[in-house]
Amino acid sequence: MSDAPDHPLAVALRPLLEAVGATALDPAAARAEDVVLAWEGEPAVAVRLPHLSSALDLLLAEMARQFDGRPLAELGRTEKQRVVALLEERGAFTVRHGVETVASALGVSRFTVYNYLNRQEKS
């Protein structure tokens with residue numbers, strides 16, 4: 001296939017790939033770790049997934065988009081608590097240094113993030 005990113009499957013997947021930080025490629029350019037998707041029995045598009053190290057950055061960027069593009073540090077306390085709850089649901093705190101990274105993005109201390117998490121568990 002000459003131009004996989006223009007294939008109808010790649011076009012349909014584009015919003016999802018952008019949201020997760022993945023890249024659509026021509027199947028001929030696929031590496032062993034890429035996922036090759038078929039369309040009507042033929043390789044149509046290869047998907048290169050992002051490295052785990054960028055996953056938290058992508059989640060934080062998504063949170064900013066959900067809150068009208070405002071920097072997370074400018075959100076109010078209730079909004080920051082909501083961000084922490086959403087990030088917890090998506091597994092952000094399983095990533096090494098996740099609490100520290102989120103605290104920095106929110107402009108709060110690690111202790112505050114832990115308080116938000118504890119408050120969430122109780123409710």
Side-chain angles (χ1 to χ4, degrees):
M1 161 171 281
S2 62
D3 199 15
D6 289 332
H7 188 280
L9 181 58
V11 171
L13 290 173
R14 191 169 291 140
L16 174 63
L17 298 181
E18 288 174 1
V20 300
T23 305
L25 307 165
D26 187 304
R31 299 188 305 220
E33 67 270 15
D34 295 334
V35 179
V36 178
L37 303 174
W39 180 276
E40 297 179 349
E42 296 293 323
V45 64
V47 175
R48 183 158 299 153
L49 299 171
H51 292 283
L52 185 57
S53 62
S54 66
L56 188 51
D57 291 335
L58 289 167
L59 284 173
L60 289 168
E62 175 57 28
M63 291 297 105
R65 278 192 295 279
Q66 286 186 27
F67 287 87
D68 302 323
R70 290 180 288 160
L72 297 177
E74 294 179 7
L75 300 177
R77 189 182 92 233
T78 303
E79 292 170 315
K80 289 179 182 181
Q81 289 172 338
R82 181 68 184 139
V83 167
V84 169
L86 291 168
L87 291 171
E88 169 72 4
E89 289 174 11
R90 295 183 183 172
F93 300 108
T94 61
V95 175
R96 187 169 188 226
H97 303 296
V99 170
E100 293 86 349
T101 302
V102 170
S104 177
L106 292 174
V108 299
S109 68
R110 290 180 317 140
F111 181 75
T112 299
V113 172
Y114 284 120
N115 280 339
Y116 291 168
L117 289 167
N118 289 336
R119 185 170 294 129
Q120 165 122 8
E121 286 180 12
K122 291 177 183 176
S123 62

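In this chain, numbering begins with 1 at the start of the sequence shown.
The two residues A30 and A46 come nearest to each other via the heavy atoms CB-CB, 3.7 Å. Listed here is the closest heavy atom pair of R48 and A29: NH2-O, 3.5 Å. When all heavy atoms of G107 and K80 are compared, the closest pair comes out as O-NZ, 4.5 Å. Here the shortest heavy-atom pairing between A24 and A10 reads CB-CB, 4.3 Å.
Annotation: side chain of V102 is not in contact with side chain of L59 (no heavy-atom distance under 4.5 Å). The shortest distance between side-chain heavy atoms of E88 and Y116 does not fall below 4.5 Å. Taking the side chain as every heavy atom from C-beta outward, F93 and V113 approach each other to under 4.5 Å. Inter-residue side-chain proximity for V99 and T101 is flagged as unmet; no heavy-atom pair is nearer than 4.5 Å. R70 is listed as a side-chain neighbour of E79, based on a closest heavy-atom distance under 4.5 Å. Residues L75 and V83 meet the side-chain proximity criterion, which asks for heavy atoms closer than 4.5 Å. Residues Q66 and L86 are in side-chain contact: their nearest non-hydrogen atoms beyond the backbone lie under 4.5 Å apart. Counting heavy atoms from C-beta outward, V47 and T23 have side chains that stay 4.5 Å or more apart.
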_What verdict does the side-chain contact (heavy atoms from CB on, under 4.5 Å) test give for R90 and M63, after you've listed the backbone C-alpha separation in whole Å, the side-chain angles of each residue and the deciding distance to 0.1 Å?_
CA-CA 11 Å; R90 295 183 183 172; M63 291 297 105; 3.2 Å; yes
_side-chain contact (heavy atoms from CB on, under 4.5 Å) for E74 and F67? Distances and angles first, verdict last._
CA-CA 10 Å; E74 294 179 7; F67 287 87; over 6 Å; no
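For the atom pair CZ of R82 and CZ of R77, the computed distance is 15.5 Å after rounding to the nearest 0.5 Å. Rounding to the nearest 0.5 Å gives a distance of 10.5 Å between CG of L117 and CD of Q81.
Shown here are the side chain to side chain donor-acceptor pair (under 3.5 Å) partners of S109, two or more places apart in sequence or in another chain: T112. Annotation: side chain to side chain donor-acceptor pair (under 3.5 Å) contacts of R65 (sequence neighbours excluded): E62.
Cluster annotation: L16 is connected to L9 through the hydrophobic network of ILVMFWY side chains, with a link wherever side-chain heavy atoms come within less than 4.5 Å. There is no path of hydrophobic side-chain contacts, each under 4.5 Å, that joins L106 to L58. When the side chains of ILVMFWY residues are joined at heavy-atom separations under 4.5 Å, either directly or via intervening members, V36 and L49 end up in two distinct hydrophobic clusters.
More than 12 heavy atoms of other residues, nucleotides or ligands shown are found within 6.0 angstrom of CZ on R14.
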